[in-house]
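Notes for the one structure printed next.
Convention: sequence-line order gives letters A, B, ...; per-chain numbering from 1. Computed from a predicted structure; not experimentally measured.
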Amino acid sequence: MSKIIPYTEQAFRLLFEGAQTLAQIECNGLRIDTDYVDRAIERVQNKIKRLLAELETHKDILGVWKKKYKGKTNFNSNEQLGSIMFEVLGFSSPEKTESGQWKTDEETLNKIDHPFVKDYLEIKKLKTTLSVNLRGLKREVVHGYLYPFFLLNSARTYRSSSEAINFQNIPIRDPAKARIVRRAFIPRPGRRLVENDYSGIEVRVAACLHKDPRMIEYIKDKTKDMHRDMAMKCYMLAQQEVSKNVRYCGKNMFVFPQFYGDWYIDCARSLWEAIEKMKLITVSGISLRKHLKDKGITKLGRLDPREPPRLGTFEYHIQQVEKWFWEEMFPAYAKWRKDWVQLYKKRGWLLTPTGFICQGYMGKNEIINYPIQGPAFHCLLWSLIELHRAIQKRKMKTLLVGQIHDSIVADVPDEELDEYVDLSQEIMVNRLMKTWDWIIVPIEIETEATPVDGSWVTKKAYESKRKEGFRRLKPQTPEWREYWHRHPSEQDAMIAFRKENFA
DNA sequence: AAACAGTGCGCG
DNA sequence: AAAGCGCGCACTGTTT
C-alpha cells in the first residue's frame, strides 16, 4: 500500500531546502543597537509614568473603578474596564465578544465620548510597545545580535511564521511606533539593510489561479489602478477626485476584505466610519460626507443582517457595489471561487499550485484563501533558497537576515549593494517566472535600502545604478546541492560533532 | 506553579 | 446558508 504524503516531491524539496536556508538565516542574525534599546526602554517607561499621572486626573472614572474593585483593581484588565464603562458608568455599547464579555478593543472604546478613553488607549499602546517590542526584543539579544526563528511547520496554509522574537510583526504602519522600534535594527558596520518586497504577490498568485481577464489586465497595465477604481465606486467619486487616503480605504476596507470573503455589511461600516475617523476629503477638499449627501446618501443604514438594506442608504449602495464587483467586474474570479469550493466539498482536499495538499475541515473562506496565501509565500521561499545559494556561489559578503512573508531583509556591504539588488531582481522575478509555469502574470519587486550604517527606520526606495543589470557568474561553480558529496570528511566531522554533543 | 482559554494587537 | 485569511506575544482570570 502506498503511503499518502501531503505534498508532491517538488513541494517536499521546497520545504526541505527552505528549512535549511532559513536555518542559515537564523544563524546570521541581525545587529541590534543595544544602547539604543536601553535608552528607549528608559524613555518609554518615563513617558508611561507621566501619562499615568495625567490619567489620575480622571477621578470620575478611576474613583468608581477603585471603589468597585478595591484591592483587586487592575487598570490592565479588560474585564474590569468593560464593567466600569458599560455597566457602572452606563456608556452604551452593543459590542460583545464571542463569549459574551464587553468588547474593549480600540474601535469600541473610541466610540465612547469621554477624554479618559484617549489617554487610556495611548498608555495601553505604549505599554505594548514597551513589553513586546523593547523588553521582548532585549530579552532575545545575544552579544548585540538577534536570532529570530522562522518556522515552516506551524501555519495551516504552508506559509512561514516567526518567533523569539516574531520578526514578522514589527510595527511599521504607525510611524510613531515604527520610529521607536525599528531604530534598534542596524546593519553591521559599513553596511546597509536592504529589503526586497514582492508587490501585490497575493493578488498576482490569485490571478494565476482564477485567470480573470480583467484582473490580469489590471496587473499587466501599469496605467490601471484597481484600488483607485474601487474607491471611486465605493465613494461615488470621479477618478481625479480620489485622494491618497480615499484610495487607501478602497484598498483596505473594500477590495482586500472582499477577496478574503468579507461581505457588504462590514465593508459599509468601515468605509463609512473611515470618513469621520480619517477625515476623508476629495482632491478638491470636500468632505466625503457632504459629497455623498450631494449624491443622495445621508445615512449609513441599519446594518442588520436580518433585513435587506434600505434604498438610499450607504449600506444599500455598498451592497450594489459588491454585486457589481463580483458579477460585472471579476466574474471569472467569482466562478473560480464557486468551483473551488465545490471541488473541496466533493473530495475533501485541495492542491496548491506549489504541490501542497490542504485537508481537514475548512470553511468557504479558508478554501478560497489557502491556495493563494501559501503559494504567495512559496514564491518568496523559493527565491530565498536560490538567492542564498547565489550569494554563496559568488562568495559575496551579503547576509540574508530575515523574511516577512513577501519580503527579504539582507545586511549588505556598501560595495555589494548594486550586485545584490540586480541579483535579487534576476532571481525573485526572472528566474522565478521561468521556474514555475503556473505563474502567468508578471511578477514585480520593490527595493528599499538604508544609508550605510543607517537603522531600519531610515530605509528608502532604491534602484540599482548599474546600467547593465544582472551579470551572469562565469565560470559556473558546482551546484550547492552537491556540497556534502564533495566534502565527505566534513560530513564525518559533523556526524562526530553531533554524536559528542547531542547524543 | 503551570496550563488553558479568552481578548487584544502587531504584521503580511 | 453564511458572513475577513494567516500568524505570535502579552496579559488577565480560571482551572489543574
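Of the candidates B:dC11, B:dT7, C:dC7, C:dC7 carries the atom nearest the A:S154 side chain, counting heavy atoms from C-beta on. Side-chain proximity of A:N78 to C:dT12, B:dG8, B:dG12: nearest is B:dG8. Listed candidates were B:dG10, B:dG8, B:dG12. Nearest to the side chain of A:R173 is B:dG12. In this structure, the nucleotide among B:dG12, C:dC5, C:dC11 sitting nearest to the side chain of A:E366 is C:dC5. Listed nucleotides C:dT12, B:dC9, C:dC7 differ in distance to A:E106; the shortest reach to its side chain belongs to B:dC9. The side chain of A:K177 sits closest to B:dG10 out of C:dC11, B:dG6, B:dG10. Closest to the side chain of A:Q373, from the set C:dG8, B:dC11, C:dG6, is C:dG6.
The side chain of A:S77 contributes an N or O atom lying less than 4.0 Å from OP1 or OP2 of C:dG13. Between B:dT7 and A:S99, a contact under 4.0 Å exists linking OP1 or OP2 to a side-chain N or O. The side chain of A:K103 places no N or O atom within less than 4.0 Å of a non-bridging phosphate oxygen (OP1 or OP2) of B:dT7. OP1 or OP2 of C:dG6 sits under 4.0 Å from a side-chain N or O of A:Y370. For C:dT12, one of the phosphate oxygens OP1 or OP2 lies less than 4.0 angstrom from a side-chain nitrogen or oxygen of A:N76. Contact check, A:T104 against B:dG8: a side-chain N or O comes under 4.0 Å of OP1 or OP2. Proximity of A:N74 to the phosphate of C:dT12: a side-chain N or O atom is located under 4.0 Å from OP1 or OP2.
Salt bridge annotation for A:E315-A:R310: absent, with no cationic side-chain nitrogen under 4.0 angstrom from a carboxylate oxygen. Contact check on A:K220 versus A:E444 returns no salt bridge, with no Lys/Arg side-chain nitrogen under 4.0 Å from an Asp/Glu carboxylate oxygen.
A straight line from CG of A:D174 to P of B:dC11 spans 8 Å, rounded to a whole angstrom. A:L22 has its CG atom 17 Å from the P atom of C:dC7, to the nearest Å. Summarising the geometry, the separation between CZ on A:F185 and P on B:dC11 is reported as 13 Å, rounded to the nearest angstrom. Distance A:L384 CG to B:dG12 C1': 16 Å, rounded to the nearest Å. Atom CZ in A:F377 sits about 15 Å away from atom C1' in B:dC11, given to the nearest Å. Rounded to whole Å, atom P of B:dG6 lies 20 Å from atom CD of A:E95. Nucleotide B:dG8 holds its P atom 11 Å from the CD atom of A:E98, rounded to whole Å. Here the C1' atom of nucleotide C:dG6 and the CG atom of A:N166 are 12 Å apart, to the nearest Å.
Both tests hold for A:R337 against A:Y333: distance to the six-membered ring centre under 6.0 Å, angle to the ring axis within 45°.
With the 3.5 Å cutoff on both pairing distances, Watson-Crick and G-U pairs in DNA chain C assemble into runs of at least 3 at B:1-12 with C:5-16.
Using a 4.0 Å heavy-atom criterion, one finds that A:S162 contacts the sugar-phosphate atoms exclusively. No contact: A:Q258 has no heavy atom under 4.0 Å from any strand. A:I172 comes within contact range of the sugar-phosphate backbone alone, with a heavy-atom separation under 4.0 Å but no base atom that close.
In this structure, A:E26 contributes its side chain and A:F150 its backbone to a donor-acceptor pair below 3.5 Å. Counting only distance, with no hydrogens or angles, the side chain of A:W340 and the backbone of A:I367 share a donor-acceptor pair below 3.5 Å. The backbone N or O of A:A184 sits nowhere less than 3.5 Å from a side-chain atom of A:D33 that would complete a donor-acceptor pair.
Between A:Y120 and A:H58, the ring centre distance reaches or exceeds 6.0 Å. Taking the six-membered ring where the residue is Trp, the centroids of A:H227 and A:F256 are separated by under 6.0 Å.
Each of A:T157 and A:A164 was assigned the nucleotide of DNA chain C with the nearest heavy atom; the assignment lying further toward the 5' end belongs to A:T157.
Of the candidates A:N166, A:I165, A:I172, A:N166 is the only one forming a side-chain contact (heavy atoms from CB on, under 4.5 Å) with A:N169. Partner A:F254 forms a ring pair (Phe, Tyr, Trp, His ring centres under 6.0 Å) with one of A:W263, A:W324, A:F325 and no other, that one being A:F325.
Note on ring orientation: taking the six-membered ring where Trp is involved, the planes of A:F16 and A:F12 are parallel (angle under 30°, cut-offs 30° and 60°).
The base of C:dG6 sits within donor-acceptor range of the side chain of A:R159, with an N or O pair under 3.5 Å. For A:Q168 against C:dC7, no side-chain N or O and base N or O form a donor-acceptor pair under 3.5 Å. Within 3.5 Å, no donor on the side chain of A:D105 pairs with an acceptor on the base of B:dG8, nor the reverse.
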Can you pull every protein N or O that's under 3.5 Å from an N or O on nucleotides 1-4 of chain C?
residue, atom, partner, partner atom, Å
C:dG4, N7, A:D262, OD2, 2.6

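When only modelled atom types and interatomic distance are considered, A:W102 and A:E79 share no side-chain donor-acceptor pair under 3.5 Å. With hydrogens and angles left out, the side-chain atoms of A:Q168 and A:S161 include no donor and acceptor closer than 3.5 Å. Donor-acceptor pairing under 3.5 Å is lacking for the side chains of A:N28 and A:Y145.
Within residues 115-140 of chain A, the residues that have a heavy atom under 4.0 Å from DNA chain C are, in order of number, A:S131, A:V132, A:R139.
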